[in-house]
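Just so you know, these numbers come straight off a predicted model, no measurement behind them. Hydrogens, waters and symmetry mates play no part in the numbers below; they use all other heavy atoms, side chains included. Every chain is numbered from 1 and lettered A, B, ... according to where its sequence line falls, protein lines coming before strand lines.
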Amino acid sequence: MVSYPYFPGCALSTKAKALDICAREAMKSLGYELKEIEDWTCCGAVFSLAEDEHIRLVSPARTIFKSSKVSDKLVTLCSACFNVLRRSQKVLKENKQRRERVLNYMDEEAVENYPENLKVIHLIEIFRDEIGFENLSKEIKKHLNGLKIAPFYDCLTFRPPKEMEFEDPENPRIYSNYITALGGEPIDFPYRSECCGAHISVSNPEVSLECSMRILNSARLAGAEALLTSCPLCHYNLDARQKEMAEKRIDFKPMPVFYLTQLLGIALELPENVLGFEKNYVSPLPLLKEKGLL
Amino acid sequence: MKIVLNKERLNSAYVQTIKDISLQKIMNCYQCGKCTAGCPVADYMDIVPNEMMRLVMLGEIEKLLSSKAIWLCTSCFQCGTRCPKGIEVHRVFEALRSIALREGKNYTDIEKLPDEMLDEMPQQAIIAGFRKFESLE
């Protein structure tokens, strides 16, 4: 069984458990193992954009060093962790001066053997590049026939493109191809890569509510029945806050928001307790039953 | 709005700090406005991203430090991604926030955040909020 070191992160260990558990169980049923790295610490949630804040790179550097003992790849799934770890590793690889400063805060072993060539990858890169969407399609047990899903391309996975080196954020296809591989119907929509309002929900919740509402309305107008995301924060803004949207707009219609791995879980017929739909604010169960998928 | 241009203002310690923290070539901005056009929260800002760039050029940093705009930025990186001059506008926003926070001017107060919000929000949001809106001190 191929095993990858895996960094779940804080949100996936608590509020976004469904994203995590579906990933582990789905990978298991595909013949892979996501092995949680030992003693990981929070990535810091946001990549520091201030060039003089070297200390912010220490936690990512420690996580990356730990995972390098078992592999030259580190898998993560939360958009924020992916953004922070991938960008930090790029700085640590390319900026010798900053790397040396960060290594001052690490064990001697890490100073001598910092894994510059370790690659931080998103789980979906395993599906795309190692398993391949075509092969993934052959593995699934239940096609998501007729399910119209709008793929939401969160900011943190795709931007800034020069640092993330992932996919063109102006024309992303990866989630669309993933939905197609699972037998669903991807629905492109104008606001597919617009920001949900992110962490300003902490300080200016009314503004992020508007941002998220625009996205859901745009998806609905394009004909989507559900939304797909890989980011716990987008999920909070787009799913849990539909309660406030319904209070604000009399014509607002709720729309289920799936985590990336929940969809794969349905397609692989994972048990309901693994799919964890009870944590979704807008239950996807009525939609799934209507489509004969549960 | 009356702006007085002088050498001291254009090369103030604030302007230098912004350049040092952001590493951006502020003077390259030619005011095309693509940053503002792509900004998801520009509608709610008192000073929109291209205006912010102009004010940094002119050394009007105090105006920016007391603006609401720097705290509304969601760090979605759209502005920097679309800038035809390759300026990472989001880093200039971060530099302004950093200056304010390092002067002890916090935007939020952890103790005043409603419990219900903290219960529901993913950790990622709470930590990001503390990182962006509260000082290290």
Side-chain angles (χ1 to χ4, degrees), chain A residues 9-16 42-53 55-56 78-81 83 154-156 158-164 169-170 191 193-208 210-211 214-215 231-233 235-237 240-241 243 281, chain B residues 17-24 38-41 43-45 68 71-83 86 88-99 101-102 106-110 113-114 117-134 136:
Chain A
C10 308
L12 270 70
S13 308
T14 51
K15 306 271 169 67
C42 171
C43 67
V46 283
F47 177 76
S48 177
L49 301 170
E51 197 62 18
D52 57 353
E53 283 185 351
I55 199 74
R56 305 294 194 192
C78 162
S79 300
C81 303
N83 188 280
D154 57 274
C155 310
L156 295 174
F158 298 85
R159 287 194 292 261
K162 265 192 256 168
E163 288 164 74
M164 294 308 288
E170 300 292 351
Y191 280 75
S193 55
E194 199 75 1
C195 179
C196 70
H199 57 265
I200 64 165
S201 288
V202 176
S203 55
N204 286 288
E206 67 293 348
V207 176
S208 59
E210 288 294 327
C211 292
R214 278 197 303 230
I215 293 164
C231 176
L233 181 47
H235 196 273
Y236 167 77
N237 281 332
R241 299 197 69 201
K243 185 182 168 196
Y281 173 73
Chain B
T17 307
I18 290 170
K19 286 180 186 167
D20 290 345
I21 295 179
S22 73
L23 291 189
Q24 299 308 301
C39 178
V41 290
D43 279 0
Y44 305 92
M45 286 177 164
K68 195 181 173 199
W71 307 107
L72 276 174
C73 163
T74 64
S75 294
C76 72
F77 318 120
Q78 185 79 278
C79 49
T81 301
R82 290 184 177 169
C83 175
E88 294 171 62
V89 184
H90 50 269
R91 285 186 185 261
V92 182
F93 268 105
E94 181 92 339
L96 289 160
R97 279 191 296 269
S98 299
I99 290 175
L101 294 178
R102 289 172 196 185
N106 286 2
Y107 183 63
T108 52
D109 184 350
I110 297 176
L113 295 177
M117 184 194 259
L118 297 177
D119 284 345
E120 282 186 11
M121 259 186 194
Q123 277 71 1
Q124 174 194 350
I126 300 164
I127 301 164
F130 294 167
R131 287 274 310 273
K132 295 278 186 186
F133 307 133
E134 308 255 343
L136 298 166

Pick whichever of [options] has the most heavy-atom pairs under 4.5 Å with chain B.
options	result
A:Ala198, A:Ser201, A:Ala16, A:Ser79	A:Ser201
A:Pro232, A:Ala240, A:Cys10	A:Pro232
A:Gly9, A:Ala80, A:Cys81, A:Ser208	A:Ala80

Pick one of side chain, backbone, both or neither for [X], based on which atoms fall under 4.5 Å of a heavy atom in chain B.
X	value
A:Asn83	side chain
A:Ala50	both
A:Cys42	side chain
A:Leu156	side chain
A:Ser203	both
A:Ser48	both
A:Arg241	neither
A:Cys196	neither

Close side-chain approach of [X] and [Y], heavy atoms under 4.5 Å:
X	Y	value
A:Lys15	A:Tyr236	no
A:Glu163	B:Phe77	no
A:Arg214	A:Cys211	yes

Between the side chains of [Y] and [X], is the shortest nitrogen-to-carboxylate-oxygen separation below 4.0 Å, so that they form an ion pair?
X	Y	answer
B:Arg97	A:Glu53	no
A:Asp52	B:Arg102	yes
B:Lys19	A:Glu51	no
B:Glu88	A:Lys162	no

Next on the checklist: As a quick check of understanding, evaluate side chain to side chain donor-acceptor pair (under 3.5 Å) for B:Thr108 and B:Glu134, giving each step before the final call.
Outcome noted: CA-CA 6 Å; B:Thr108 52; B:Glu134 308 255 343; 2.6 Å; yes

Checklist entry - Relative to each other, are the rings of A:His199 and B:Phe133 parallel, tilted or perpendicular (30° and 60° limits)? => result tilted

Under 4.5 Å heavy-atom distance to chain A, tell me which part of [X] shows up: side chain, backbone, both or neither.
X	value
B:Ala128	both
B:Leu118	backbone
B:Asp109	neither

Checklist entry - What do the steps show when you test A:Glu194 against A:Arg159 for salt bridge (Lys or Arg N to Asp or Glu O under 4.0 Å), and what is the final call? => result CA-CA 11 Å; A:Glu194 199 75 1; A:Arg159 287 194 292 261; over 6 Å; no

Checklist entry - When heavy-atom pairs shorter than 4.5 Å are enumerated against chain A, which of B:Ile126, B:Leu113, B:Leu72 gives the highest number? => result B:Leu72

Checklist entry - Taking B:Lys68, B:His90, B:Glu94 one by one, which has the highest count of heavy-atom pairs under 4.5 Å against chain A? => result B:Glu94

